[in-house]
Every structure is written in C-alpha cells, then in structure tokens.
Q: 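The structure is given below, and queries will be raised subsequently.
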Amino acid sequence: MRFWIGIDDTDSRKGMCTTYLAVLLMEEIKKIGKVIGFPRLIRLNPTIPFKTRGNGAVSFLAEIEDLDQALEITERLVKKYAELEDENTNPGVVFVEEEKAPLLREFSEKAIKDVLRIEDALELIEKNRIDHLKFKNGRGLIGALASVGAQLNDIVYELIAYRMPEKIGKPREYDKESFYDLDFEFYPKIFDTVDWCNDVVMAVPGTPCPVLFGLRGEEPEILKKALNYVKTEPWERWQIFITNHATDMHIINSEKVEDFHSYRLISRVVKKPYEIVGGHVFFEVKTNSGTLKCSAFEPTKQFRNIVRALIPGDVVELYGSVKNNTLNLEKLRIVELAKKYVELNPLCPGCGKRMESAGKEQGFRCRNCKTKATEKIKIEVPRRLEPGFYEVPPCARRHLTKPLIRINASGRHIFR
Ligand SMILES: [Zn+2]
C-alpha cells in the first residue's frame, strides 16, 4: 500500500534537523519497501510563537507492505535521534494512505497561513483514522499532517548536504569563495546562495544542526551539477527536497490584519518614517480597517534606505507578517509616489536674490531693493525613489518569502 509519511518537530535550538531525521527514515523504509519521488519540505506559518527552528515539516510517499513494521522502525528512529529531552520538542509522525492525502488540504492551508492547535490535528487524525506516532504533547502532528496535505502550485527544489556525524556542533569548514563562484555560474537558476552586498553565505547555516549547506534552485539537475562547485569539509550524504520555499505561500490577500498572519495589502503612507535606537525603521499606513504600523528592522540592511525615503501620501503594496500589531516588511511595491516639496523664502523681483525674513510673522524682504513678500514659496523636489518592487536582501529573507527574481513583473529592484 502507498502511504504519505509526514514528520515534524524533532529538532531543538541545540541540534538535529527534521529533514535529516526524515532522510534517515527514508533509508530505513527503503529496506522494507520503496520510496517514491522526492521528499517534500514544507515550511509552515513563520510567525507561530512556539515554532522550532525554521518551522519546516517533511513528508514522502512510500510503498509499504507491513505498516506495523514501518511504525516500529519509525518509533525507534525518533527515540534515537529526536531532541526529546528538550521541552519544546514534541515530535509527531503520520502515515496517511495516499488517497486520503487530499482530505488534509484545508488543514495544511491553515498550517501555512493561520494558527492551529494540537487538538485540531488530533481531531483530523481521529476523523480520518490516520495511523500516527505522538511523542510528548505531539505538537509535531500539526506539521506532519500539513506537509502531507500541502497542495503546491509553485515549487522550489532544495539540495541539503549533511555533515559527518563527528563534525556536528563544530564550526563548519568551507571555502566562502566557492559559494560566490557557484552563484556567479548558476544564478538565477540557483538563488539566495550568497548575499553579495552584505557579504554573507546564505547556503551555510550557523546553527548546531547536521546541515552543512542548502542550495535552493529551480531544477534538481542543476542543483546536482552545482555540487561540483562547492568546496567544503566532506559531507555524509545529501538529499534533494521539493519545497514551498520562495513561493509566498504564507501570504494572505486581505485588508483586515491580525497578529501571527502574513499579508499583501495596498495602502497609503500617513506617517513619515522614523528610526529608533538599533537602526529599526518604522512608518504608518492607512488601510481600509485603520492605521497600521510597519517596520523594516535593522537586519533588513539596505532595504531600510527605501523605507526611509517614503513620505506621507505614497501608495504602497506591502508584503509581510504581523506581530504586535506591526507589519514586518518582506517586500514592498511602490505604486504611486506623492509629490515632494520644499518651502523656501521667495526670490526678490528686483535683484533675483533670495529674500530674508523680516521678523516673526512679518513676511520677507530684500534689504537692498526694499521689496517685500508675505509667503514662502513651495518648490517641487525630485524623489529619490522610483515606483516598483523592492525586497529585503537575501540575508534577511525568510524561507517562504518569494524573492523578486522569481516574480515576473516590471519595475523590480532586485537585491541579490
Ligand atoms: Zn533685491
């Protein structure tokens, strides 16, 4: 029989990675059955408060004769490798008969865009009689089900290479230049490998997990080819995943915003951008349902220059996640720029020089020609911005955020 096996929440801040455990599980399942196609790495709602690192769940399709044996193998692996001693690690595994997977679509959609409770997962499991393994409070069941049920209209492949077990926890050894070479050769088929402007290799994580590097691209064959370019410590193994990375799958089109959700909405800037200590930039917009505070935090680097140049009256399309009633920007489209003026003292009609103030509320005068004027003059000044799309740089990008290089639109200002 064919089953979708979904697994989530096996890692902690201190170690492990659900993708790695899933790869080990695939290898065990291959001994008693068959694994069909690529595994799927599905990122869920990135704003969820109790998420583990990255909030990604994995699923794969397998042909299994003996389900009990598969469950036994899985339980043994999770007990051996998951970070069970961490109170925030609550693994869940589901075995969903292939034809039942479409029944999980709606649930999955919610897990990516909305907030779900463990009870919602247990209810769905009971209703559809889904075989599963629940460890501790079983929060991982949410992701496990969501990964199986996700209906992907847009996909990106990710090749993940894993470290030799004895290296895990130690600093990663790699040649930075080789990743820049790779980017130079394969961009945009492979993207977000490095951040040129901020000098960061995005492909190599800094966490104490088994991942050595991850390459994100449009085609599996090109990702395999790119392996020849990277110079790193030896890897133990690698695996290609189908993912919803870089697809904006978390974004909801709505005017009404709530915490812990991500949106795309058009609005007008009503409050001039201001900066607070730490380099975080804020401004306010007016939506159909009220005023909304927007932010570009310090880690968004050069993107803040775009935000700083906004003025009241600008019409913008915002993309980002809402937390603490603040929309944290991932992307921005400037739809329409307001006219910007400066106010200057008037020019003297006699000599052409700029007049000076004649005193408080006394208007303006030219000392030489004795001419007078009552009001300042408004002069339109050019904006330092142009309409179009702007995005945060790769080093500040979320897994789910669709980079502009993947968006077919005019006026893209790509941060590579
Ligand atoms: Zn004059």
Side-chain angles (χ1 to χ4, degrees), residues 42-49 51 53-56 111-115 154 156 158 188 191-198 200 202 216 243-267 269 273 278-285 287 292-310 314-335 385 387-409 411-416:
I42 306 299
R43 300 285 172 181
L44 311 177
N45 185 343
T47 67
I48 291 292
K51 64 168 178 179
R53 260 188 355 245
N55 211 11
I112 294 164
K113 295 187 162 99
D114 205 344
V115 184
D154 181 15
V156 159
E158 179 117 359
F191 56 91
D192 285 357
T193 310
V194 294
D195 185 322
W196 288 84
C197 184
N198 297 298
V200 185
M202 301 314 306
R216 194 163 288 187
T243 77
N244 61 347
H245 289 164
T247 62
D248 270 355
M249 208 180 176
H250 59 316
I251 299 282
I252 303 165
N253 292 318
S254 169
E255 281 285 324
K256 201 178 157 289
V257 304
E258 276 180 283
D259 270 359
F260 308 123
H261 295 76
S262 307
Y263 299 97
R264 176 177 81 94
L265 56 102
I266 291 186
S267 58
V269 178
H280 313 303
V281 182
F282 298 90
F283 63 98
E284 278 173 23
V285 296
T287 68
L292 178 68
K293 190 168 154 187
C294 304
S295 64
F297 287 107
E298 191 281 332
T300 64
K301 303 294 175 194
Q302 70 266 32
F303 178 69
R304 292 172 301 160
N305 292 334
I306 310 307
V307 172
R308 285 184 188 112
L310 293 172
D314 287 344
V315 179
V316 286
E317 183 178 56
L318 310 165
Y319 293 76
S321 300
V322 178
K323 252 187 186 177
N324 304 320
N325 293 311
T326 303
L327 187 136
N328 183 7
L329 281 170
E330 296 171 7
K331 259 196 300 280
L332 174 70
R333 180 166 70 96
I334 297 176
V335 181
L385 277 178
F389 280 99
Y390 297 85
E391 62 185 343
V392 302
C395 69
R397 232 166 258 161
R398 285 194 143 138
H399 292 301
L400 277 166
T401 303
K402 194 172 192 167
L404 294 180
I405 189 67
R406 297 199 74 236
I407 292 176
N408 187 10
R412 293 179 300 171
H413 300 80
I414 289 165
F415 286 172
R416 179 178 171 186

Q: Quick check: do E258 and Y263 have side-chain heavy atoms less than 4.5 Å from each other?
A: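 A side-chain contact under 4.5 Å exists here.
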Q: Quick one: are K301 and C395 in side-chain contact, heavy atoms under 4.5 Å?
A: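 Result yes, sub-4.5 Å side-chain heavy-atom pair found.
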Q: State, yes or no, whether a side-chain contact exists between I306 and L385 at a heavy-atom distance under 4.5 Å.
A: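 Yes, at least one pair of side-chain atoms sits under 4.5 Å.
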Q: With H261, which of T47, D114, N45 fulfils side chain to side chain donor-acceptor pair (under 3.5 Å)?
A: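 Exactly one pass, corresponding to D114.
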Q: Do R264 and N253 have a side chain donor and acceptor closer than 3.5 Å?
A: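 There is such a pair between these side chains.
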Q: Apply side chain to side chain contact (heavy atoms under 4.5 Å, CB included) to H413 and list each qualifying residue two or more places apart in sequence or on a separate chain.
A: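 For H413 the side chain to side chain contact (heavy atoms under 4.5 Å, CB included) partners, ignoring immediate neighbours, are E386, Y390.
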Q: Under 3.5 Å, side chain of N244 to main-chain N/O of I42, donor-acceptor pair present?
A: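 Not a single qualifying donor-acceptor pair exists.
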Q: Check E391 with R412, please: is the shortest side-chain N to carboxylate O separation under 4.0 Å?
A: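 Here R412 does not pair with E391 in a salt bridge, since their nearest N and O are not under 4.0 Å apart.
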Q: Side chains of D195 and R416: closer than 4.5 Å at any heavy-atom pair?
A: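 The answer is no, as the side chains (C-beta and beyond) never meet within the 4.5 Å cut-off.
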Q: State, with a plain yes or no, whether a side-chain heavy atom of V285 is found less than 4.5 Å away from one of V316.
A: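 Side-chain contact under 4.5 Å: yes.
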Q: Can you check whether T243's main-chain N or O pairs, donor with acceptor, with H245's side chain at less than 3.5 Å?
A: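 Between the backbone of T243 and the side chain of H245 there is no qualifying donor-acceptor contact (under 3.5 Å).
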Q: So, using ring pair (Phe, Tyr, Trp, His ring centres under 6.0 Å) as the criterion, who are the partners of F297 when residues are at least two apart?
A: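 In terms of ring pair (Phe, Tyr, Trp, His ring centres under 6.0 Å), with neighbours along the sequence ignored, F297 is linked to H280, F282.
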Q: List for me each residue that meets ring pair (Phe, Tyr, Trp, His ring centres under 6.0 Å) alongside H250, sequence neighbours excluded, and say none if there are none.
A: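 Applying ring pair (Phe, Tyr, Trp, His ring centres under 6.0 Å) to H250 gives none.
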Q: Can you confirm whether Y319 sits close enough to T401 that some side-chain heavy atom of one is under 4.5 Å from a side-chain heavy atom of the other?
A: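 No, side chains not in contact.
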Q: Can a salt bridge be assigned to the pair D154 and R406 using a cut-off of 4.0 Å between side-chain N and carboxylate O?
A: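 A salt bridge is present here (some side-chain N lies under 4.0 Å from a carboxylate O).
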Q: Between E330 and R397, does any side-chain N to carboxylate O distance fall below 4.0 Å?
A: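 Looking at R397 together with E330, the answer is no, because their closest N to O distance does not fall below 4.0 Å.
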Q: Pairing donors with acceptors under 3.5 angstrom, does anything connect the side chains of S321 and R398?
A: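 Checked: S321/R398 side chains pair up, N/O donor to acceptor below 3.5 Å.
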